[in-house]
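The next block holds one structure in the form of structure tokens; read it before the comments.
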2 protein chains.
Amino acid sequence: MGVLEKIKKARVAAPVAAVELPLDQILQRDCIAAMRDLPAASIDMIFADPPYNLQLGGDLSRPDGSHVDAVTDDWDKFDSLSVYDKFTREWLAEAKRILKPNGAIWVIGSYHNIFKVGSAIQDLGFWILNDVVWRKSNPMPNFKGTRFTNAHETLIWASMGEKARYTFNYRSMKTLNDELQMRSDWEFPVCGGPERLKKDGVKVHPTQKPEALLYRILLACTKPGDVVLDPFFGTGTTGAVAKRLGRHWIGIEREDDYVAAARERIDAALPLDESALTTMQSPKSAPKVAFGVLVENGYLTPGVVLTDARRKHRALVRADGSLESVCGQTGSIHKLGSLLQNAPACNGWTFWHHDGPDGLKPIDTLRQTYLLATQP
Amino acid sequence: MGVLEKIKKARVAAPVAAVELPLDQILQRDCIAAMRDLPAASIDMIFADPPYNLQLGGDLSRPDGSHVDAVTDDWDKFDSLSVYDKFTREWLAEAKRILKPNGAIWVIGSYHNIFKVGSAIQDLGFWILNDVVWRKSNPMPNFKGTRFTNAHETLIWASMGEKARYTFNYRSMKTLNDELQMRSDWEFPVCGGPERLKKDGVKVHPTQKPEALLYRILLACTKPGDVVLDPFFGTGTTGAVAKRLGRHWIGIEREDDYVAAARERIDAALPLDESALTTMQSPKSAPKVAFGVLVENGYLTPGVVLTDARRKHRALVRADGSLESVCGQTGSIHKLGSLLQNAPACNGWTFWHHDGPDGLKPIDTLRQTYLLATQP
DNA sequence: ACGATAGTTGAATCTCATG
DNA sequence: ACATGAGATTCAACTATCG
């Protein structure tokens, strides 16, 4: 994109989002109606925890006779599967409309509704990126011994389309998981203890989600300052975590009790300060250093010989930062690496090594040294 | 059910199944056509591992340049999502017809197809009893760092309808799981080692399922002598396990190579005696806690300062569980510990301390507290 | 024989900025 | 829209080789 186009885009798109969005507010309205009034292509991420359509039969009691406080609220009653299906497709269609082209959606559900949700997501042209399993460390047992303990819920993460871009803070997730890639199965306890909102000793909301779950989702898939919409806000877990993490939020919720509890909760939430908010950056977004710059600055002298880790391949550094192999092939550190290995691609920074004071080291260490010396 | 009704049922139903079913055989035909020729209400359980419709893009290579052997077989290619949807509904409708009223179906899939499958299952009047997650202990990583590691697959277990009865061997499952209710998340390694069928050193089938998975399913949801149908038989994992467990099986498979491998495999399988059944046990994964999990769960707040035991080094906790030193170095608790000490390695859990109510404590104590609070 | 080390592999929707 | 080139990117389990 040229500079001119960038300016054009900024002129057209920016004011819409800045002026009209009800940032950091709860809209106390019907979910679909409220979404209809939001401008198109204005939201960075949607997190949705829609009604599960649980279809519970009669009352459920534990083996000791005590009553299980199930989800029997009116908002979870749908006359039939097809009514639920229609409702799902309606709110998802609005979600698609108001998301930015590079936005993304997360939806959580159980086996009662998640297949209908996922199917609708695909039919609407969203592109599923992962399904993620929330493994509950302390699920409610199956009191009757009739099935497997229902010990997990499923989340779907989808972008706007097959070719659409999306935000994924890969490094942050890897750091969060002790330097291993974050997997698609996450373990958290169900929401309880002091985190669980109560009024007169009774839980305010039947399905309050743990903040840890939202923390991981927002950290992984949004940037500071992004706008996160939760169309089924409940008691505002999404809002509370978004505020802590320096993201804007919009909540839609009808019920008085939930709205009141959410407001109180979010007001009390404390944003993290800037330095704590900083996360491990992917080298992608870190400043780029060209290999030639290291040569220019004397970190490597033209004429020096680089080798791979096993000293199988050798190449000469030339004045312009290109390499030359023994057999006369030339190219950038990446190109020559892939040529010599006969591989489709090669990261020259980690492939090529030089003889330093402490033995054979990847040239990437020189880049790190250079960055430390030059970055503020 | 009264005695009279039982006799009536036996008179009418039993001969049909006994005479016409091609027990313990592979039908080398198209899946839907072969099912059409099976009598109605004759099968106790169906296990199905249909094509996932992966829709892979171009080639994929590992960071070391090696090539990833993807599923590119014709049987996984469909022209569009709606064609796949239609195919799914067709074979599921036949499945519903041939299952006994008290029968059940299991289907395995990934996020590519499982939502379409689950949605069709519900529309056809099946009643979902559980969704079960197969957590892979050794999944293929996400080589490009673009998403979460796709570390699980999903299974759906459904009965013939809301009021239908079904087989669930609750006690067997509880025994198998060290006297704890079996949960809906199961951990197995992917199929490999000696179990993985090979011909001339090459895997026979790209997606052979582990026998442990089928073992648990058949043990949980069938009785000895039951008839289990697998409409996507592949190399016959279902048949081999059914034979071991004393269940009848029927397999449907088109490909010559798969059929030949399955025949040989099942012929070699040995039925277990009773005592052998009780020795199987579930692998219990040791609880691992990443440092970031403590941050997510509020055991440490981003912004808090950690020090070593002598308060010589200081570091700031950031939102993703990484640390930042006074001089701007960053990394995981282990990495930064080794950097600051100029040591080759460091156990961050014992190196870093925080100021707790009882003075300076290693952060490992927080991990212990977390484990106590969350492990059953 | 046994331990250490290197090599291989598994249902995968797997880059992005620039021109 | 498509081509180009820089450069970022992997975990656990099993198998083969070597000393």
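Keep in mind it's a predicted model, so treat the numbers as computed, not measured.
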Practice item. Report which part of the nucleic acid A/R171 touches: base, sugar-phosphate, or nothing (heavy-atom distance under 4.0 Å, all strands). Key: nothing
Practice item. Could you tell me the separation between the OH atom of B/Y111 and the P atom of C/dC14, rounded to a whole number of Å? Key: 7 Å
**Study point:** C1'-based separation of C/dA1 from D/dT17 [nearest Å]
**Key:** 15 Å
Exercise for review: Check every strand shown and say whether B/Q55 touches a base, only sugar-phosphate, or nothing at a heavy-atom separation below 4.0 Å.
Suggested key: base
Exercise for review: Tell which nucleotide pairs with C/dC14, taking only Watson-Crick or G-U wobble pairs whose two distances are both under 3.5 angstrom.
Suggested key: none
Revision key, fill the gap. Between CG of A/L336 and P of D/dA6 the distance, given in whole Å, is 12 Å
**Study point:** Euclidean distance, atom CG of residue A/N347 to atom C1' of D/dG5 [Å, nearest integer]
**Key:** 14 Å
Review point. Can A/W127 be said to stack with the base of C/dT13, given centres closer than 5.5 angstrom and planes under 30 degrees apart?
Key: yes
Practice item. Please answer whether the main-chain N or O of A/H313 pairs with a side-chain N or O of A/D308 as donor and acceptor at a distance below 3.5 Å. Key: yes
Check your understanding: For A/D185 and B/V133, what are the C-alpha separation, side-chain angles and deciding distance, and is it a side-chain contact (heavy atoms from CB on, under 4.5 Å)?
Key -> CA-CA 9 Å; A/D185 53 333; B/V133 171; 5.7 Å; no
Revision key, fill the gap. Regarding the side chain of B/T146, the nearest nucleotide among C/dA12, D/dT10, C/dT15 is C/dT15
Review point. Checking all strands, does B/D49 fall into the base, sugar-phosphate, or nothing category for heavy-atom contacts under 4.0 angstrom?
Key: base
Practice item. Report the base-pairing partner of D/dG7 (Watson-Crick or G-U wobble, both distances below 3.5 angstrom), or none. Key: none
Exercise for review: Would you indicate what B/G58 reaches in the nucleic acid, counting non-hydrogen atoms under 4.0 angstrom: base, sugar-phosphate, or nothing?
Suggested key: base
**Study point:** Among C/dA11, D/dT10, D/dA8, the nucleotide that comes nearest once only the side chain of B/D76 is considered
**Key:** C/dA11
Review point. Expressed as a whole number of Å, how far does the C1' atom of C/dA12 sit from that of D/dA6?
Key: 24 Å
Study note, to complete from the structure: Taken to the nearest whole Å, CG/B/D73 to C1'/C/dG10 is 14 Å
Review point. Which nucleotide in the set D/dT15, C/dA11, C/dG10 lies at the smallest distance from any side-chain heavy atom of B/P194?
Key: D/dT15
Exercise for review: Check every atom of C/dG10, C/dA11, C/dC14 against the side chain of B/V71 and return the nucleotide holding the closest atom.
Suggested key: C/dA11
Practice item. Could you check whether B/P210 gets within reach of a base, just the sugar-phosphate, or nothing at all, counting any heavy atom under 4.0 Å? Key: nothing
Revision key, fill the gap. Which of C/dC14, C/dA11, D/dT9 is nearest the side chain of B/K136? It is C/dA11
Review point. With a non-hydrogen cut-off below 4.0 angstrom, is B/G192 in contact with a base, only sugar-phosphate, or nothing?
Key: nothing
Point to revise | Sugar-phosphate only, base, or nothing, as touched by B/C191 at under 4.0 Å among non-hydrogen atoms | key: nothing
Exercise for review: Using a heavy-atom cut-off of under 4.0 Å over every strand shown, decide if A/I128 touches base, sugar-phosphate, or nothing.
Suggested key: base
Review point. In terms of side-chain geometry, is the basic nitrogen of B/K116 or A/D123 positioned less than 4.0 Å from the acidic oxygen of its partner?
Key: yes
Review point. Is any N or O donor-acceptor pair between the side chain of B/R62 and the base of C/dG10 shorter than 3.5 Å?
Key: yes
Exercise for review: Measure from the side-chain heavy atoms of B/V190 and tell me the nearest of C/dC14, C/dG10, C/dT13.
Suggested key: C/dG10
Review point. Could B/E187 and A/R135 be called an ion pair, given the rule that one side-chain N must be under 4.0 Å from one carboxylate O?
Key: no
**Study point:** Ring geometry between A/W106 and A/W186 (parallel below 30°, tilted from 30 to 60°, perpendicular above 60°)
**Key:** tilted
Practice item. Describe the nucleic acid contact of B/W75 in one word from base, sugar-phosphate, nothing, applying a heavy-atom distance below 4.0 Å. Key: base
Point to revise | Backbone of A/T330 reached by a side-chain donor or acceptor of A/E324 within 3.5 Å | key: no
Practice item. Nearest whole angstrom, please: distance from the C1' of C/dA17 to the CG of A/N102. Key: 14 Å
Study note, to complete from the structure: B/R196 CZ to D/dT15 P, in whole Å, measures 12 Å
Review point. Looking for any heavy atom pair under 4.0 Å, which part of the strands does B/N150 touch: base, sugar-phosphate only, or nothing?
Key: sugar-phosphate
Exercise for review: With P as the reference atom in both, quote the distance from C/dT13 to D/dA8 in angstrom, rounded to an integer.
Suggested key: 23 Å
**Study point:** Separation of atom OH in A/Y166 from atom P in C/dC16, rounded to whole Å
**Key:** 7 Å
Practice item. Please work out whether the ring planes of B/H205 and B/W75 are parallel, tilted or perpendicular, with thresholds of 30° and 60°. Key: parallel
Practice item. Name the orientation class of the two ring planes belonging to A/Y299 and A/Y370 (parallel below 30°, tilted from 30 to 60°, perpendicular beyond 60°). Key: perpendicular
Point to revise | Minimum-distance nucleotide to A/A345 side chain [options: C/dG10, D/dG7, D/dA6] | key: D/dG7
Review point. Closest to the A/L180 side chain: C/dT9, D/dA12, C/dC14?
Key: D/dA12
Exercise for review: Could you check A/N130 against B/K203 and say which one's nearest nucleotide on DNA chain C is further toward the 5' end?
Suggested key: B/K203
Review point. Is the shortest side-chain N/O distance from A/R183 to OP1 or OP2 of D/dC11 below 4.0 Å?
Key: no
Check your understanding: Syn or anti: how is C/dT13 classified when any glycosidic angle within 90° of 0 counts as syn?
Key -> syn
Check your understanding: Among side-chain atoms of A/T279 and A/S172, is any donor-acceptor pair under 3.5 angstrom?
Key -> yes
**Study point:** Contact under 4.0 Å: A/Y170 side-chain N or O vs D/dT10 OP1/OP2
**Key:** yes
Check your understanding: So what does A/S332 touch, heavy atoms closer than 4.0 Å: a base, only the sugar-phosphate, or nothing?
Key -> sugar-phosphate
Check your understanding: Across the strands shown, which category fits A/W349 at heavy-atom distances under 4.0 angstrom: base, sugar-phosphate, nothing?
Key -> sugar-phosphate
**Study point:** N or O in side chain of A/K174 less than 4.0 angstrom from D/dT10 OP1/OP2
**Key:** yes
Check your understanding: Should B/S110 be listed as having a side-chain N or O under 4.0 Å from OP1 or OP2 of C/dA11?
Key -> no
Point to revise | Nearest listed nucleotide, side chain of A/H334, among D/dT10, C/dA11, D/dG7 | key: D/dG7
Review point. Given atom CZ of B/R147 and atom P of C/dC16, what is their separation to the nearest angstrom?
Key: 11 Å
Revision key, fill the gap. Applying the 3.5 Å cut-off to both distances, the Watson-Crick or G-U partner of D/dA16 turns out to be C/dT5
